[in-house]
Each structure stands twice: as C-alpha cells, then as structure tokens.
Student: 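Just dropping this structure here.
In what follows, chains carry the letters A, B, and so on, assigned in the order in which the sequence lines appear, proteins first and then strands, with residues in each chain numbered from 1. We use all heavy atoms of the structure for the numbers below, so side chains are in, but hydrogens, waters and symmetry mates are not.
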Amino acid sequence: MAKKILLNNIEVPGLANFEVYRQLGGYSAVEKALKSLSPDEVTEEVKKSGLRGRGGAGFPTGMKWGFIDKKSGNPRYFVCNFDESEPGTFKDRHIGQLNPHQLIEGMILGSYALGARKSYIYIRGELFYVLSIIEKAIDEAYRNGLLGENILGSGYSLDLYCHPGGGAYICGEETALLESLEGKRGNPRIKPPFPAVVGLYGCPTVVNNVETIAALPWILNNGGAAYSAIGVENSKGTKLISACGHINKPGVYEIELGLPVEEFIFSDEYCGGIRNGNKLKAVVAGGSSVPILTASLILKTAKGEPRLMSYESLADGGFETGTMLGSGGFIVMDDTTCMVKNLLTFARFYHHESCGQCSPCREGTGWMEKILTRIENGNGTMKDIDLLVDIAKHIEGNTICPLGDAAAWPVASAIRHFREEFEEHVKLQRCPLSR
Amino acid sequence: MSLIKVTIDNIEVDVEPGTTILNAARQIGGSVVPPAMCYYSKLEGSGGYCRTCL
C-alpha cells in the first residue's frame with residue numbers, strides 16, 4: 001500500500017466534525033507550531049519538505065513563501081485557492097467536503113508562518129454545498145479556540161473567512177482571484193508586481209492551492225525531511241489524482257509521486273484498467289489545459305523509458321512528446337473517443353471562460369471553437385487544420401495569464417499527435433466515429 | 001535628465017526614461033508602430049491589456 005498523507009483518515013465516518021478530527025490527532029501540528037516553532041522555522045520546514053504547488057504550476061511552496069515582503073509594514077494575507085474548475089479535476093472538492101478541518105489546520109499553519117492576521121478561503125461558486133461544510137468547520141474551530149483571538153494561549157490571532165466566488169474559471173488564476181476577492185471583475189493583473197509584494201488590497205499576499213495547504217499539517221508533524229523522503233527527483237511527497245473517463249474505477253486517488261503511469265491506469269488498486277476491455281487511445285494527464293498524449297507516449301517516453309507520475313517524467317520530451325502533471329485531472333480515453341469532438345468540448349469551454357482582456361485569447365478561442373465545430377460537422381477543409389495550429393501559435397505566450405496557453409496547448413498537441421483523425425474528418429466530410 | 005538610446009528594427013531613437021516601447025515606436029513612426037487598442041495617452045494606467053501590440 002502506498003503511503004497516505006492527505007487521504008489517511010478520509011473513510012472515517014463523521015471526519016468533518018471537530019471532535020472526530022481532534023481524536024485522530026488533528027490540530028496537533030498547530031499546537032506544535034504555535035508553542036515551539038517560530039514562523040521562520042515553519043517556513044524552513046516547508047522549504048525542506050520540497051512541497052510544490054499542487055494547483056498546476058508546481059512552484060516550490062517554501063520559495064513562494066520566502067518571496068513575501070515582510071519589510072513593507074503592510075498587513076499580510078494568506079489566501080487559499082479553492083476555485084477548482086479545471087475540467088477533469090475534482091481533488092480539492094474531495095478534501096473540502098470530507099476533511100475540512102485538515103484544510104483549516106493548514107490555513108492556520110500557513111498564516112502563522114507568513115504572519116497573516118486575516119486569511120481567506122476563496123471557494124468556487126458551484127461548490128455551494130462544500131461552502132456550508134467549511135463554514136460549519138470554521139465555526140467549530142472558533143468555538144474550540146483554534147481561530148480568533150490568542151489561539152491556544154500562544155498570543156497569535158487569526159481570523160479565517162470563506163468567500164464564495166461566482167463560478168468563473170478565470171478566478172482560479174491567482175491575480176484574478178485577488179481581484180474577485182476585492183469585489184471587482186475577475187480580470188488577471190499584469191505581473192510584475194507579483195502578489196507576494198502587491199496582492200490582496202495592495203498588500204503582500206500568498207495564494208496556495210487546497211491540496212498544498214492540506215499537506216502542511218503532516219509536514220509539520222513529521223518534519224520536512226520525512227516528506228521529502230517520499231517521491232522521486234524534485235517531485236516530493238504524495239499527490240491527489242482525480243481519475244476520470246473510460247476507466248473501470250474513476251475517483252480520487254492518492255499516489256506517491258514516481259508511480260509508473262502504466263500501474264496507475266491498469267492496476268486494481270487505482271484505475272483498474274479500461275472499461276469493457278477496450279484499447280487505450282489517449283490520456284490527458286493533468287487537467288484539460290495540458291497537452292494530450294497518445295497511449296504509447298503516456299506509457300513510455302520518447303526515449304523508451306517507462307513514464308512515471310512525477311513533474312519531471314511527465315514533462316520529459318518537452319511539448320513535442322511530453323505533457324505536464326498539472327492539477328492532477330487524469331482523463332483517460334478509449335478507442336471509441338473522437339479526438340476532434342473532445343477537442344471541441346475543450347475549446348468551447350475556453351471560449352466561454354476567456355475573460356476577454358487580451359485580444360489573442362478572446363478572439364483566438366472563439367475562432368478555434370468555430371473551426372473545430374466546422375471540422376467535426378464535416379464542413380472543414382485541409383486548410384482549417386493548419387489554421388488551427390497557426391491560431392494556437394499566436395495565442396501562446398501573448399496573453400497576460402496562462403488561460404491563453406491552456407487553450408492553445410490542447411489544440412496544438414491534439415493536431416500534433418492525431419493529425420490523421422482530423423484529416424479523415426475532412427476527407428469523409430463527417431465524423432468517422434459517429435453513427 | 002539623460003535620454004536613453006533605443007533601437008527598434010535597426011532604427012535608433014533617443015527617448016526619455018520611463019517611455020514605453022509603444023511610445024518609442026510611435027516616436028519613430030511609420031511601419032514600425034505596432035497596432036494598439038487599449039492605450040490612451042491621456043488615461044493614466046492604460047495600456048498593456050489588449051496584447052494586440054505583441
């Protein structure tokens with residue numbers, strides 16, 4: 001059995017209640033940190049653990065905390081990014097719904113390390129039922145002296161708020177999230193200045209993903225060195241993977257980074273193989289934004305080494321033959337899937353969710369949706385395929401936030417790996433897989 | 001204040017410190033000037049958002 005850090009007690013009934021969580025050793029990390037460690041020692045421990053941001057970018061968490069401007073004298077804020085809206089990703093919801101106190105404990109630890117007196121959980125609007133669970137958990141923590149004035153007699157005070165968003169995908173981008181939290185339209189800001197210097201209300205801010213924050217209690221309890229002992233290369237610790245698509249056992253799984261992809265898809269402990277004994281066709285390894293890979297490329301790298309579930313191994317081969325770990329939304333497709341239709345679904349999503357600030361993304365996502373609809377419906381030409389590649393090239397890297405890249409990468413990679421299928425659509429003037 | 005030398009498309013121009021690349025290109029004029037939709041010289045803080053100049 002693989003080591004469990006985030007989902008260790010997840011099957012205990014009533015885990016969302018304070019008493020149950022406390023009995024299982026919950027909030028011991030807060031006790032330890034507030035009584036015996038200084039904020040800098042907490043940061044040091046996180047740096048040592050090698051924990052990387054679990055929201056998708058994989059930026060080292062300790063380093064991000066180190067950038068926060070402590071000299072300005074302005075109040076500092078710690079914000080949790082719970083705006084999980086990436087298609088195929090549903091891991092944060094799993095934590096928030098079943099184990100909200102783990103998230104709150106992590107919030108207290110992070111806020112203490114950064115010296116924040118007010119912290120926010122920005123939750124996606126659609127997850128309203130999770131919001132009520134977290135609100136209840138926050139109330140319980142206040143009643144038991146773990147939030148509010150003078151936590152556990154340590155002299156440290158913290159107020160924690162849960163703020164629901166309106167359900168926009170773009171608000172998962174950290175500067176758009178801060179804009180939205182301030183009450184404005186969720187338009188990403190031009191960086192620099194980075195949020196660590198000018199963030200929420202113009203004050204130094206750190207934004208972290210739910211899963212990152214939920215890993216903090218374990219790191220403080222067991223030490224950063226114990227966490228960095230798990231995993232391979234620069235991919236330390238465990239990661240939640242939300243597996244979905246044409247597999248026998250969809251769901252949220254916790255894996256040690258470095259698990260072979262083949263084992264993850266076919267072993268009974270995890271996905272349990274492809275449904276109905278079908279053949280594996282393609283995998284999107286980290287949420288809809290990352291490049292799609294063919295069956296042979298996801299199981300083995302271009303060099304012929306077995307591919308592992310880690311930041312480095314999945315990125316092996318760059319964008320030509322590699323992909324990214326991303327947010328951990330693992331979408332598996334069998335040979336009944338039409339790649340054009342799949343891509344059209346993604347393109348429609350990005351067109352809908354583009355905030356409209358940057359012209360390349362606003363216009364480009366719309367064109368991509370239009371052209372893909374044309375090809376899927378049998379009205380496409382060979383020129384359209386090259387036009388799609390051209391549009392993707394012009395979006396990538398020319399936008400303020402990564403949504404433009406996220407919209408361009410799936411298109412570029414799908415055409416790179418499945419070009420014959422696009423050409424077949426054009427030649428037959430219909431979708432070859434539809435009846 | 002000393003002027004800064006900027007070279008765009010092999011054309012040299014002296015600009016004041018703090019000038020944006022767009023304004024430097026506009027000083028040269030002609031085909032060097034990129035398209036821009038979101039910049040309005042009288043509006044402070046404008047520019048940089050529409051990305052048509054990239």
Student: Answer yes or no: are there more than 12 heavy-atom neighbours, outside A/K191 itself, under 6.0 Å from its atom NZ?
Tutor: yes

Student: State whether the number of non-hydrogen atoms from other residues, nucleotides or ligands found under 6.0 Å of A/K70 atom NZ is greater than 12.
Tutor: yes

Student: How far does CZ of B/R51 sit from CD1 of A/I395, to the nearest 0.5 angstrom?
Tutor: 13.5 Å

Student: Taking all heavy atoms of A/N398 and all of B/L54, pick out the closest pair and write down the distance.
Tutor: O-CD1, 3.5 Å

Student: Return yes when atom CZ of A/R185 has more than 12 non-hydrogen atoms of other residues, nucleotides or ligands closer than 6.0 Å, and no otherwise.
Tutor: no

Student: If you count heavy atoms of other groups shown closer than 6.0 angstrom to NE2 of A/H163, is the number above 12?
Tutor: yes

Student: My understanding is that only residues two or more places apart in sequence, or in another chain, count here; which of them pass ring-ring contact (aromatic ring centres under 6.0 Å, His included) with A/Y161?
Tutor: A/Y120

Student: Got a second to check how far A/I400's CD1 is from B/Y49's OH, nearest 0.5 Å?
Tutor: 6.5 Å

Student: Taking all heavy atoms of B/T52 and all of A/S359, pick out the closest pair and write down the distance.
Tutor: CG2-OG, 3.4 Å

Student: Locate the shortest heavy-atom distance separating B/C50 from A/P360; write the atom from each residue and the value.
Tutor: O-CD, 3.6 Å

